[in-house]
Each structure stands twice: as structure tokens, then as C-alpha cells.
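The chain is numbered in sequence order, starting from 1. Keep in mind it's a predicted model, so treat the numbers as computed, not measured. No hydrogens, no waters, no symmetry mates; every other heavy atom, side chains included, goes into these values.
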Amino acid sequence: MSGTQAANDASKQKFDNDGQYSRNSILRYEMIFGDNYISTGGPETTDNLTSRLEGFLKPGVRVLDVGSGIGGAAFHLVEKYGARVVGIDLAEEMVAIGIDRAEAAGMSDKVRFILGDVLETQFPEKFDLIWSRDAFMHIPDKARLFETLFGLLAPGGKLIITDYARGKTPGSPEFEDYIKKTHYSVIEPERYGKVLEAAGFTDVVVDDATATFIDILRREEGRLRSERSRFLTAFSEQDLNYLVDRWNMKIGFCEAGDMKWGIYLATRPA
């Protein structure tokens with residue numbers, strides 16, 4: 001059975017966030033972020049996060065990747081650290097591509113992608129690590145989210161995430177319109193940390209990584225321009241202009257103090 005068939009069988013509800021996660025959109029994002037990635041910084045951000053888990057990532061570590069996309073981080077955790085990964089995503093096309101990529105890489109026995117909502121899905125075992133990249137802005141009820149994730153971790157387990165955040169409430173009309181159109185639910189980094197603590201997590205680290213985010217966005221936007229010819233072999237001029245404009249919009253939001261990007265690390269007490 002192909003990945004697409006498996007995803008279709010798994011759910012009749014299609015989540016593509018008004019086309020943001022259609023197959024075409026996913027593949028054009030991948031061209032920016034790197035092979036198998038559809039989130040900020042691609043493999044560079046994966047290295048950033050794994051460096052914060054030094055000594056914790058060991059062979060056999062059980063990882064739940066929430067909003068796993070098309071598998072970039074999951075494949076890296078398997079290849080470099082010997083992890084066993086379950087990836088869960090709401091987007092049908094993400095899961096379909098991830099399944100196909102895992103099969104092609106010979107990793108289907110170590111990485112399993114499932115279509116579903118982490119708030120509603122039952123898992124047969126606890127996890128040592130919950131990992132998520134730029135996905136939780138799709139979940140409005142952050143308190144319920146982190147209470148659920150706390151319950152999915154084994155004692156002593158860790159959670160590490162990146163996520164979009166807001167710099168101020170309210171933001172500019174332009175930023176608030178962007179949030180409305182994308183259906184994102186974003187809160188300030190400091191508040192994020194408080195919600196984690198309220199869910200029972202300890203050793204909560206809140207890293208306002210907006211400066212890193214801006215640097216990554218600028219370099220990604222620069223690659224779009226410098227690799228224009230390569231991009232246009234697979235996508236349209238309209239696709240290119242959309243992405244360049246969107247990246248510059250996010251840079252502008254960050255520089256104006258409307259938007260932030262956070263990295264969060266927390267532990268379930270042993």
C-alpha cells in the first residue's frame with residue numbers, strides 16, 4: 001500500500017489549512033527548508049535542538065514527533081541517535097509523503113507516521129521525548145495540549161519544541177490579519193513557559209530565539225532569490241513571488257515586535 005493510500009484510509013477528513021499543506025505547497029516549502037523538511041531552518045534547527053539534548057539521546061530512545069511533517073527530524077533522530085520515532089500529523093499529504101520517504105529510506109521499522117490529532121490519539125506506550133517543530137500554533141487550547149503531552153511522557157522524559165509566538169497583544173492590524181487568515185493561535189514566549197509549568201513540567205527553559213529566526217528567514221529568502229532558476233524548474237513564478245513576499249512579511253513582523261519565535265525545553269519529573 002502506498003503512503004497516499006494509507007493516509008486516505010486513515011481519515012476522511014482532509015486538513016491542509018486552506019491549501020497551505022497541499023502537496024504542491026509542501027514540496028515548495030521543502031525546496032526552501034531542505035530535503036524532508038518543511039519547518040524553519042530545516043536541518044540547522046534540528047542540530048540546534050539536538051545540541052540541547054546532549055547526553056539524553058541514546059539508542060532506543062522513544063520519540064513522539066508532533067506535527068512531524070514529511071519526516072526530516074524523525075529520519076535524523078533514527079540515523080544519528082538510534083531513536084524509535086512515531087510521527088503524528090493532521091495533514092494527510094504530510095503523512096503520505098513521510099510514509100513513502102520512510103519506505104524509500106528503509107526506515108519503516110524505525111519510523112512510523114500516523115494521521116491524527118495528538119489530543120485524541122491513544123498510544124500504547126509512553127515516550128522518552130516529545131519533539132515538535134512549528135506545529136503548536138495550530139492548536140488553540142495550549143493548556144489541554146501540554147497536559148496531554150505531559151501524560152504521554154515517561155517519568156524523566158523531556159519535551160523540546162519550536163513554535164511561532166506573538167511579541168505583543170494586540171499586534172499590528174497587519175499581523176492580526178495574518179494570524180486570522182492562517183488560523184494560527186500564538187501566545188507570548190513567557191506565557192508559553194507558564195502554561196508548561198501549569199501542566200506539571202519542571203526545568204522549563206524559554207528561549208526567545210527571534211534573532212535566530214530572523215537570520216534564518218533572511219538566508220532562506222536569499223536562497224530563494226539566488227536559486228531562482230532551480231526553483232522555477234519545479235514551481236511557478238507565482239509560487240516564487242508568494243514565498244519571497246511571505247518571508248519578507250515575517251521578517252517585518254519580527255522586526256516590528258509583532259512576531260517572535262520560541263524554543264522551549266521542559267522535563268516531566270522522574
Quick note, ring-ring contact (aromatic ring centres under 6.0 Å, His included) partners involving residues 96-119, not counting sequence neighbours, are Phe75-Phe113

Quick check against the 3.5 Å criterion: does Lys142 have a side-chain atom that pairs as donor or acceptor with the backbone of Ser185?
yes

query: Would you call Thr46 and Tyr37 a side-chain contact if the rule is heavy atoms closer than 4.5 Å?
result: yes

Side chain to side chain donor-acceptor pair (under 3.5 Å) filter on Asp117, not counting sequence neighbours, yields none

>> The test is side-chain contact (heavy atoms from CB on, under 4.5 Å); show your working for Leu49 and Arg133 and say whether it passes.
In response: CA-CA 10 Å; Leu49 299 190; Arg133 296 267 296 274; 3.6 Å; yes

dist Trp247:CH2 -> Ile214:CD1 (nearest 0.5 Å) comes out at 15.0 Å

| message | I want to know whether Tyr184 and Phe175 have ring centres closer than 6.0 Å. | response | no

Check: Do Val118 and Leu196 share a hydrophobic cluster, counting only Ile, Leu, Val, Met, Phe, Trp and Tyr and linking them when any side-chain heavy atoms are less than 4.5 Å apart?
Finding: yes

d(Arg225 CZ, Phe231 CZ) to nearest 0.5 Å is 12.5 Å

For Ala91 and Leu115, the nearest pair of non-hydrogen atoms, with its separation, is C-CD1, 3.8 Å

Practice task
Starting from the C-alpha separation in whole Å, work towards a yes-or-no answer on side-chain contact (heavy atoms from CB on, under 4.5 Å) for Phe136 and Leu149.
Solution key: CA-CA 12 Å; Phe136 291 163; Leu149 298 183; 3.6 Å; yes

Between the main-chain N or O of Gly69 and the side-chain N or O of Asp89, is there a donor-acceptor pair closer than 3.5 Å?
-> yes

*Could you label the plane-to-plane angle of the Phe127 and Phe123 rings as parallel, tilted or perpendicular, counting under 30° as parallel and over 60° as perpendicular?*
perpendicular

Residues pairing under ring-ring contact (aromatic ring centres under 6.0 Å, His included) where one sits in residues 82-112, two or more places apart or in two chains, turn out to be none

Check: Thr45 side chain, Thr40 main-chain N or O, donor-acceptor pair, under 3.5 Å:
yes

Applying salt bridge (Lys or Arg N to Asp or Glu O under 4.0 Å) to Asp207 and not counting sequence neighbours gives Arg52

Side chains of Ile179 and Phe253 in contact at under 4.5 Å (non-hydrogen atoms):
no

* Min side-chain heavy-atom separation Val66-Ile161 under 4.5 Å -> no

Residues passing the side chain to side chain donor-acceptor pair (under 3.5 Å) test with Asp35, sequence neighbours excluded, are none

- Message: Applying a strict under-4.5 Å side-chain criterion to I, L, V, M, F, W and Y, I'd like to know whether Phe56 and Leu64 cluster together.
- Response: no

Can a donor-acceptor pair be found, under 3.5 Å and without considering hydrogens, that links the side chain of Ser236 to the backbone of Asp239? yes

Sorted by chain and number, sequence neighbours left out, salt bridge (Lys or Arg N to Asp or Glu O under 4.0 Å) with Glu190 holds for none

Check whether more than 12 heavy atoms from other residues, nucleotides or ligands sit under 6.0 Å from atom CZ of Arg62, and answer yes or no.
-> yes

Practice task
Report yes or no: does Asn248 contribute a side-chain atom to a donor-acceptor pair with the main-chain N or O of Val244 at less than 3.5 Å?
Solution key: yes

dist Leu240:CG -> Leu224:CG (nearest 0.5 Å) comes out at 6.0 Å

When rounded to the nearest 0.5 Å, the distance separating CD of Glu103 from CD1 of Ile99 is 7.0 Å

Residues pairing under salt bridge (Lys or Arg N to Asp or Glu O under 4.0 Å) where one sits in residues 70-79, two or more places apart or in two chains, turn out to be none

#### Entry: Within 6.0 Å of CZ in Arg112, more than 12 heavy atoms from elsewhere
no

*Note, Leu53 side chain near Trp131 side chain (heavy atom, < 4.5 Å)*: yes

Are any of the side-chain heavy atoms of Lys80 and Leu57 separated by less than 4.5 Å?
no

Residues at least two apart in sequence or cross-chain that pass salt bridge (Lys or Arg N to Asp or Glu O under 4.0 Å) with Glu255, listed by chain then number, are Arg218

Exercise. Using 4.0 Å as the upper bound for N to carboxylate O, is an ion pair formed by Lys194 and Glu188?
Worked result: no

| said: Between the side chains of Glu120 and Arg144, is the shortest nitrogen-to-carboxylate-oxygen separation below 4.0 Å, so that they form an ion pair? | reply: yes

Q. Is there a path from Leu77 to Leu159 through hydrophobic residues (I, L, V, M, F, W, Y) whose side chains come within less than 4.5 Å of each other?
A. no

Separation between CD1 (Ile130) and CD1 (Ile160), nearest 0.5 Å, reads 12.5 Å

In this structure, CD of Glu197 is separated from CG of Asp203 (nearest 0.5 Å) by 10.0 Å

Next item on the list: Would you kindly confirm whether Phe33 and Met31 end up in one hydrophobic cluster when ILVMFWY residues are joined by side chain heavy atoms under 4.5 Å apart?
Entry: yes

Salt bridge or not between Glu221 and Arg246? Use side-chain N to carboxylate O under 4.0 Å. no

Applying side chain to side chain donor-acceptor pair (under 3.5 Å) to Arg219 and not counting sequence neighbours gives Glu44, Asp215

Can you confirm whether Leu27 sits close enough to Phe235 that some side-chain heavy atom of one is under 4.5 Å from a side-chain heavy atom of the other? yes

Candidate pair His76 and Asp47, rule side-chain contact (heavy atoms from CB on, under 4.5 Å), full reasoning: CA-CA 9 Å; His76 181 80; Asp47 289 340; 3.9 Å; yes

By side chain to side chain donor-acceptor pair (under 3.5 Å), Thr212 pairs with (sequence neighbours left out) none

For a salt bridge (charged side-chain N to carboxylate O under 4.0 Å, His left out) check, start with the C-alpha distance between Arg228 and Glu237, then their side-chain angles and the critical distance, and finish with the verdict. CA-CA 9 Å; Arg228 171 190 177 88; Glu237 185 92 30; 2.5 Å; yes

Review point. Should Leu145 and Leu119 count as side-chain neighbours, where that means a heavy-atom distance under 4.5 Å?
Key: yes

Let me have the donor-acceptor pairs involving side chains of residues 257-268, under 3.5 Å, with sequence neighbours excluded, atom names and distances please.
unit_1: Asp258; atom_1: OD1; unit_2: Ser172; atom_2: N; d: 2.9
unit_1: Asp258; atom_1: OD2; unit_2: Ser172; atom_2: OG; d: 2.9
unit_1: Lys260; atom_1: NZ; unit_2: Asp208; atom_2: OD2; d: 2.9
unit_1: Trp261; atom_1: NE1; unit_2: Asp134; atom_2: OD1; d: 2.9
unit_1: Thr267; atom_1: OG1; unit_2: Lys158; atom_2: NZ; d: 3.0
unit_1: Arg268; atom_1: NH1; unit_2: Phe150; atom_2: O; d: 2.8
unit_1: Arg268; atom_1: NH1; unit_2: Leu153; atom_2: O; d: 3.2

Note to self: Between Lys126 (side chain only) and Gly151 (backbone N and O only), is there a donor and an acceptor less than 3.5 Å apart?
What the structure shows: yes

ILVMFWY cluster, Met137 and Ile139 together (side-chain gap under 4.5 Å): no

Sequence neighbours excluded, the answer for salt bridge (Lys or Arg N to Asp or Glu O under 4.0 Å) partners of Glu30 is Arg101

